[in-house]
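Small disclaimer: the values here were computed from a predicted structure and weren't measured.
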Amino acid sequence: MIPAFTSDGLLPPTSGSRVLPAELSPHATHIVDFIERFGGTLHRRQLLRGFLRYRRELWEFGLRDGFQWIDGSFVEDSEATRGQPPADLDVVTFAPLLASRPCREQLFDALSEKTSLFSSHGVRSTFGCDAYFVDTTMPPMQLISHASYWLGLFGHQRDTNTWKGILRIDLGDDGDMLEQLEAKDDTH
């Protein structure tokens, strides 16, 4: 569930109890609910189309398990609080790279063909997302360090340092969500 914005136009870091994991940020949601909540303008839908294409590429690469944390002005009421739409969609993908291929050699070959999919610059220029990737097959202490970094960075608004919530969307086959979004804009 995506909680309502705070008076500051931010997602709250908790949707109720401060000790129940299900009510703490990152708030778990489904891709359909995410699109319905944040796709209200043509500009936002353009950003969502890039995000959906990015998710589709990750799926086609073989990343079937994992999740994404979504943050930034895209999940804020930036039009009301800043007087402008979000510039991009900030996302960190957590997924096991090794699970995408049966052996390391095949993984290295696939990665060399799709370097832009795992490069923040490549994803930004291709999909319009400020995207980062965390391989969940790394050693546990390193993984905890990466998760702590992103939670700390995403858990505060850049300009004000105010605590805020982020969203969590599982990786999955989004089906025809991209086509539905494009059809919606074609009718307007």
Side-chain angles (χ1 to χ4, degrees), residues 1-3 11 25-76 78 85-102 106-138 143 146-147 149-151 153-155 164-186:
M1 181 182 94
I2 303 173
L11 292 174
S25 178
H27 304 289
T29 191
H30 188 271
I31 190 69
V32 172
D33 297 328
F34 177 67
I35 290 170
E36 287 177 6
R37 171 75 180 270
F38 295 102
T41 67
L42 178 61
H43 176 75
R44 284 178 170 270
R45 287 190 299 276
Q46 288 172 326
L47 294 174
L48 281 168
R49 282 195 299 273
F51 176 60
L52 287 169
R53 285 193 301 271
Y54 175 55
R55 286 174 56 88
R56 182 177 284 172
E57 288 281 328
L58 292 172
W59 181 262
E60 289 173 358
F61 184 84
L63 297 174
R64 305 298 169 93
D65 296 317
F67 56 88
Q68 294 174 309
W69 285 352
I70 315 297
D71 185 56
S73 59
F74 192 84
V75 294
E76 297 176 9
S78 63
D88 58 17
L89 191 150
D90 298 348
V91 57
V92 177
T93 302
F94 293 84
L97 268 178
L98 288 174
S100 68
R101 298 293 183 280
Q106 288 180 348
L107 175 60
F108 293 141
D109 290 344
L111 286 171
S112 68
E113 293 174 15
K114 290 285 191 177
T115 56
S116 65
L117 192 58
F118 298 95
S119 148
S120 58
H121 175 72
V123 174
R124 178 182 288 281
S125 64
T126 305
F127 304 104
C129 296
D130 189 11
Y132 302 88
F133 187 86
V134 176
D135 180 7
T136 58
T137 59
M138 68 177 63
L143 180 59
H146 280 273
Y149 170 78
W150 289 111
L151 189 58
L153 186 67
F154 275 16
K164 65 178 188 158
I166 62 178
L167 296 178
R168 177 184 184 259
I169 302 174
D170 288 342
L171 287 175
D173 181 1
D174 296 335
D176 64 352
M177 292 300 304
L178 180 58
E179 290 78 12
Q180 287 179 28
L181 203 57
E182 289 171 342
K184 182 176 185 174
D185 286 341
D186 289 343

Using the rule given for side-chain contact (heavy atoms from CB on, under 4.5 Å), can you reason through Leu42 versus Arg45, listing the C-alpha separation, both sets of side-chain angles and the distance that settles it, and then say yes or no? CA-CA 5 Å; Leu42 178 61; Arg45 287 190 299 276; 4.1 Å; yes
Ignoring hydrogens, what is the shortest heavy-atom contact between His146 and Val134? Give both atom names and the distance. CB-CG1, 4.0 Å
Please give me the minimum heavy-atom distance between Leu11 and Val75, naming the atom from each residue. CG-O, 3.6 Å
In a check of side chain to side chain contact (heavy atoms under 4.5 Å, CB included) between Phe51 and each of Ile35, Leu178, Val123, Ile70, which one passes? Ile70
Between His43 and Pro85, which heavy-atom pair has the shortest distance, and what is it? CD2-CB, 3.4 Å
Parallel, tilted or perpendicular, as decided by the 30° and 60° cut-offs, for the rings of Trp150 and Phe154: perpendicular
Less than 6.0 angstrom separating the ring centers of Tyr132 and Tyr149, yes or no? no
Within 45° of the six-membered ring axis of Phe67 and under 6.0 Å from that ring's centre, is NZ or CZ of Arg168 located there? yes
Under 4.5 Å between any side-chain heavy atoms of Arg53 and Glu57, yes or no? no
Any chance you could measure Phe61, atom CZ, to Leu58, atom CG, to the nearest 0.5 Å? 9.0 Å
Just how far is it from atom CG of Leu48 to atom OG1 of Thr41, taken to the nearest 0.5 Å? 9.0 Å
Here the gap from Glu76 atom CD to Phe38 atom CZ, rounded to the nearest 0.5 Å, amounts to 9.5 Å
Closest heavy-atom pair and its distance - Leu117, Phe127: CD1-CE1, 4.2 Å
Report the C-alpha distance between Phe34 and Met177 in whole Å, list the side-chain angles of each, state the deciding distance to 0.1 Å, and finish with yes or no for side-chain contact (heavy atoms from CB on, under 4.5 Å). CA-CA 11 Å; Phe34 177 67; Met177 292 300 304; over 6 Å; no
Would you give the length of the straight line joining atom CG of Leu143 to atom OG1 of Thr137, rounded to the nearest 0.5 angstrom? 9.0 Å
Calculate, to the nearest 0.5 Å, the distance between atoms CG and CH2 belonging to Asp173 and Trp59 respectively. 5.0 Å
Note: Ile2 and Thr29 closest approach over all heavy atoms is CG1-OG1, 3.4 Å
Would you say Arg124's side chain and Asp130's backbone share a donor-acceptor pair under 3.5 angstrom? no
Between the CE atom in Met1 and the CZ atom in Arg37, the distance rounded to the nearest 0.5 Å is 9.5 Å
Please work out which of the three classes, parallel, tilted or perpendicular, describes the rings of Phe118 and Phe133, given edges at 30° and 60°. perpendicular
Can you tell me which residue among Leu167, Ile166, Ile169 is in a side chain to side chain contact (heavy atoms under 4.5 Å, CB included) with His27? Leu167
Okay, side chain of Arg56, backbone of Asp174: is any donor-acceptor separation there less than 3.5 Å? no
May I ask you to decide if His121's main-chain N or O and Ser125's side chain share a donor-acceptor pair within less than 3.5 Å? yes
If you look at every heavy atom in Val91 and Cys129, which pair is closest and at what distance? CG1-CB, 4.2 Å
Could you walk me through whether Leu171 and Arg55 pass side-chain contact (heavy atoms from CB on, under 4.5 Å), step by step? CA-CA 7 Å; Leu171 287 175; Arg55 286 174 56 88; 4.2 Å; yes
